[in-house]
J.: 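Sharing a structure, written as structure tokens. Questions coming.
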Amino acid sequence: MGHSSLMFRVQSGGSLRGELRVPGDKSISHRSIMLGSIAEGISEVSGFLAAADCLSTLTAFRAMGVEIEGPTDGLVRIHGAGLRGLRAPVAPLDLGNSGTSMRLMSGLLAGQSFDTELTGDESLNRRPMRRITEPLRSMGAQIETTAAGTAPLKIHGNALLRGIHYDMPVASAQVKSCLLLAGLYASGMTSVTEPAPTRDHTERMLTSFGYPWQRDGKRISVASGGRLIATQIDVPSDISSAAFFLVGGAIASNSDLVLRHVGINPTRTGVIDILRQMGADLEVRNSRMMGGEPVADLRIRTSRLKGLVIPEHLVPLAIDEFPVLFVAAACAEGETVLTGAEELRVKESDRIQVMADGLQHLGIDAVPTPDGMRISGGPLRGGRVDARGDHRIAMAFAMAALRARGAIEIDDCRNVSTSFPEFVDLARAVGLNITAIEGERL
Ligand code: S3P
């Protein structure tokens with residue numbers, strides 16, 4: 001059984017102009033469903049990202065008995081079941097392409113009184129899960145994986161979890177969040193030390209739900225025994241979706257684009273720092289707080305970019321933006337060097353290899369390394385590249401057409417719907433000459 005293919009065809013050239021509000025933040029949308037479901041009372045979410053990944057989380061909690069209304073125009077109402085109110089699902093929970101759903105929910109489900117099985121699509125069932133199953137097991141969780149340490153995951157209920165301290169070998173917000181959620185069900189204190197700062201939406205949202213936690217330097221701790229109280233959540237636009245337009249506006253001629261209401265949590269703004277260090281004309285305006293998360297409007301204008309040795313401390317803060325930052329590097333003068341980013345090899349695709357293949361095909365000198373890439377900026381030609389089912393790679397190559405000498409065709413773009421279903425329409429509205437073409441069943 002296959003699925004029908006979707007291809008993007010993007011004519012070369014054009015400018016990005018006007019104003020745009022990109023859809024809601026994916027990380028925050030996932031967490032709103034998870035925490036809302038185990039809270040007491042009705043939580044109301046606005047700006048929820050109604051994309052496949054977040055809908056996988058939403059559907060999974062419905063399957064565990066939580067009443068969830070919406071999403072309707074970004075509004076979701078979650079009738080929280082309380083920390084102990086979830087019910088056994090009747091079938092395995094299919095989380096599609098969503099690593100965030102699988103890793104965060106594993107922690108939460110390890111503490112329940114019933115068994116669950118988590119599975120996903122081909123890509124998700126290839127991604128590494130030992131990074132969560134090993135620390136969860138040391139808390140007392142009972143989880144089975146395949147021999148390769150991948151999903152399907154079988155999580156056995158009624159395990160008595162005990163708090164541990166875990167020194168994370170990789171800077172991963174998913175691992176951190178997984179363990180903090182397990183910590184809500186574990187005896188004593190659960191703490192995690194992160195080697196470098198990672199997105200802190202879980203911690204901020206625990207505060208919004210009235211659940212205490214502590215930070216001491218790089219160590220974050222949570223104890224069981226508290227309650228989450230329903231709240232209202234305003235989800236800002238996703239800076240990871242805005243990033244495509246920031247790069248597009250910078251590399252296209254005669255561009256001037258404003259992106260409204262974008263989340264600028266400092267654990268997410270590596271893309272702003274990197275683009276500015278490359279010389280981008282990027283303004284942050286009207287910074288304000290919305291429900292525990294900072295937001296702002298971002299203005300990008302045509303910029304003369306130069307190559308950059310990307311500081312390694314920015315890597316976790318821009319981890320999802322490298323596909324499109326590689327496109328920026330291809331359009332910059334001189335060499336860009338990325339190191340310390342081996343995590344890119346285990347995302348929805350191997351983002352180092354897939355981006356290097358596509359850029360080389362478009363005439364760019366892009367050299368993949370084990371933990372990053374070296375890219376020499378130069379003229380981009382048109383051609384046909386493969387997104388390999390990775391949403392962010394599809395959108396990154398679409399933006400490359402703004403500077404290419406010929407049209408760019410991108411295969412295997414269906415999964416753009418996992419994070420940004422409105423991409424083609426919004427991109428067209430501000431000036432990208434893009435068409436989505438449905439293919440036959442593969
Ligand atoms: C996410 C954390 C990051 C990121 C992913 C979303 C999250 O993953 O790449 O898209 O919502 O916690 P890692 O924790 O694996 O770096």
Side-chain angles (χ1 to χ4, degrees), residues 26-27 30 52-53 56-57 95-107 118-137 143 145-153 166-179 192 194-199 240 243 267-268 270-271 310 312-326 338-359 366-374 386-396 412 415-416 418-419:
K26 184 151 76 77
S27 293
H30 280 299
D53 275 11
S56 292
T57 294
L95 303 172
N97 196 241
S98 179
T100 307
S101 308
M102 187 169 283
R103 296 211 179 100
L104 271 61
M105 286 176 61
S106 295
L118 305 183
T119 188
D121 69 7
E122 242 178 86
S123 157
L124 182 54
N125 286 352
R126 270 199 309 266
R127 294 179 66 184
M129 292 296 151
R130 286 198 181 110
R131 55 179 64 198
I132 54 159
T133 57
E134 282 175 2
L136 285 174
R137 279 187 194 128
I143 307 187
T145 66
T146 67
T150 55
L153 304 180
Y166 189 63
D167 223 331
M168 285 197 298
V170 284
S172 164
Q174 292 182 351
V175 175
K176 171 178 67 175
S177 301
C178 167
L179 298 179
V192 189
E194 39 183 14
T198 66
R199 65 190 69 192
S240 297
T267 61
R268 296 287 298 283
V271 63
I310 298 172
E312 286 198 7
H313 74 94
L314 292 177
V315 169
L317 311 181
I319 193 66
D320 292 335
E321 286 64 78
F322 286 106
V324 79
L325 284 169
F326 293 151
L338 174 68
T339 55
E342 49 276 279
E343 276 296 299
L344 294 180
R345 293 202 176 269
V346 292
K347 293 294 179 188
E348 288 84 329
S349 71
D350 176 344
R351 288 182 172 163
I352 292 174
Q353 193 60 49
V354 177
M355 284 303 301
D357 289 347
L359 288 173
V367 182
T369 62
D371 67 339
M373 185 131 51
R374 276 202 319 274
D386 195 337
R388 302 287 197 90
D390 186 323
H391 57 136
R392 300 202 195 280
I393 289 183
M395 293 184 274
D412 205 356
N415 280 338
V416 166
T418 62
S419 68

J.: Given side chains that start at C-beta, do those of Met129 and Leu124 come closer than 4.5 Å, heavy atoms only?
T.: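 In contact.
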J.: Nearest heavy-atom pair of Gly389 and Asn415: which atoms, and what distance?
T.: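 Distance-wise, the nearest heavy atoms are O-ND2, 2.8 Å.
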J.: What are the two closest non-hydrogen atoms of Val416 and His391, and how far apart are they?
T.: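 Reported closest heavy-atom pair: CA-CB, 3.7 Å.
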J.: Take Val170 and Glu342 through the side chain to side chain contact (heavy atoms under 4.5 Å, CB included) test and state the conclusion after the steps.
T.: CA-CA 10 Å; Val170 284; Glu342 49 276 279; over 6 Å; no
J.: If you compare all heavy atoms of Ala243 against all heavy atoms of Val324, which two are closest, and at what distance to 0.1 Å?
T.: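 Reported closest heavy-atom pair: O-CG1, 3.9 Å.
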J.: Any side-chain heavy atom of Thr133 within less than 4.5 Å of one from Ser106?
T.: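 Thr133 does not reach Ser106 side chain to side chain.
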J.: Begin from the C-alpha positions of Arg127 and Arg103 and carry the test side chain to side chain contact (heavy atoms under 4.5 Å, CB included) through to its verdict.
T.: CA-CA 10 Å; Arg127 294 179 66 184; Arg103 296 211 179 100; 3.9 Å; yes
J.: Take Asp357 and Arg388 through the side chain to side chain contact (heavy atoms under 4.5 Å, CB included) test and state the conclusion after the steps.
T.: CA-CA 11 Å; Asp357 289 347; Arg388 302 287 197 90; 4.2 Å; yes
J.: Which pair of heavy atoms, one from Arg199 and one from Ala173, lies closest together, and at what distance?
T.: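 Shortest heavy-atom contact: CG-CB, 3.2 Å.
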J.: Could you check if a side-chain atom of Met102 sits within less than 4.5 angstrom of a side-chain atom of Ile132, using non-hydrogen atoms only?
T.: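 Counting from C-beta outward, Met102 and Ile132 never come under 4.5 Å.
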J.: Measure the spacing between CZ of Phe322 and CG of Leu338 and express it to the nearest 0.5 Å.
T.: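 Nearest 0.5 Å value for the CZ-CG distance: 5.0 Å.
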J.: Got Arg351 and Ile393 here, is their nearest side-chain heavy-atom distance under 4.5 Å?
T.: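 Arg351 vs Ile393: side chains touch.
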J.: Rounded at 0.5 Å granularity, tell me how far CG in Asn97 sits from CG in Asp121.
T.: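 If I round to the nearest 0.5 Å, the distance is 4.5 Å.
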J.: Do you know which two heavy atoms are closest between Pro370 and Ile352, and how far apart they sit?
T.: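 Taking every non-hydrogen atom into account, O-CD1, 4.0 Å.
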J.: Look at atom CZ of Arg345 and say whether more than 12 heavy atoms of other residues, nucleotides or ligands are closer to it than 6.0 Å.
T.: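 Check passes, neighbour count above 12.
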J.: When you compare the side chain of Thr100 with that of Leu95, does any pair of heavy atoms fall below 4.5 Å?
T.: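 No. Closest side-chain heavy atoms not under 4.5 Å.
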J.: Can you tell me how far the CZ atom of Arg130 sits from the OG1 atom of Thr150, to the nearest 0.5 Å?
T.: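 The distance works out to 8.0 Å.
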J.: Counting C-beta onward and ignoring hydrogens, is there a side-chain heavy-atom pair between Asp320 and Arg392 closer than 4.5 Å?
T.: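 Answer yes - side chains close enough.
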J.: Could you pull out the closest heavy-atom pair between Ser56 and Gly96, with the gap in Å?
T.: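 Looking at all heavy atoms of both residues, the shortest contact is OG-N, 4.2 Å.
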J.: Is it true that the side chains of Thr198 and Lys176 contain a donor and an acceptor less than 3.5 Å apart?
T.: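 Side-chain D/A pair, Thr198 to Lys176: present.
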J.: By side chain to side chain donor-acceptor pair (under 3.5 Å), which residues pair with Thr119, not counting sequence neighbours?
T.: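 Partners of Thr119 under the side chain to side chain donor-acceptor pair (under 3.5 Å) test: Asn125.
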J.: Rounded to the nearest 0.5 Å, what's the gap from CG on Leu136 to CD1 on Ile143? Could you check?
T.: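 It is 4.5 Å, given to the nearest 0.5 Å.
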J.: Quick one: do Asp350 and Leu344 satisfy side chain to side chain contact (heavy atoms under 4.5 Å, CB included)? Show the steps, please.
T.: CA-CA 6 Å; Asp350 176 344; Leu344 294 180; 5.9 Å; no
J.: What pairs with Ser349 under side chain to side chain donor-acceptor pair (under 3.5 Å), at least two apart in sequence or on another chain?
T.: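 Applying side chain to side chain donor-acceptor pair (under 3.5 Å) to Ser349 gives Asp390.
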J.: Just wondering, do Ser98 and His30 contact through their side chains at under 4.5 Å, heavy atoms?
T.: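 Yes, close enough: below the 4.5 Å cut-off.
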J.: So, do Pro195 and Met168 sit near enough that their side-chain heavy atoms are less than 4.5 Å apart?
T.: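 Yes, their side chains come closer than 4.5 Å.
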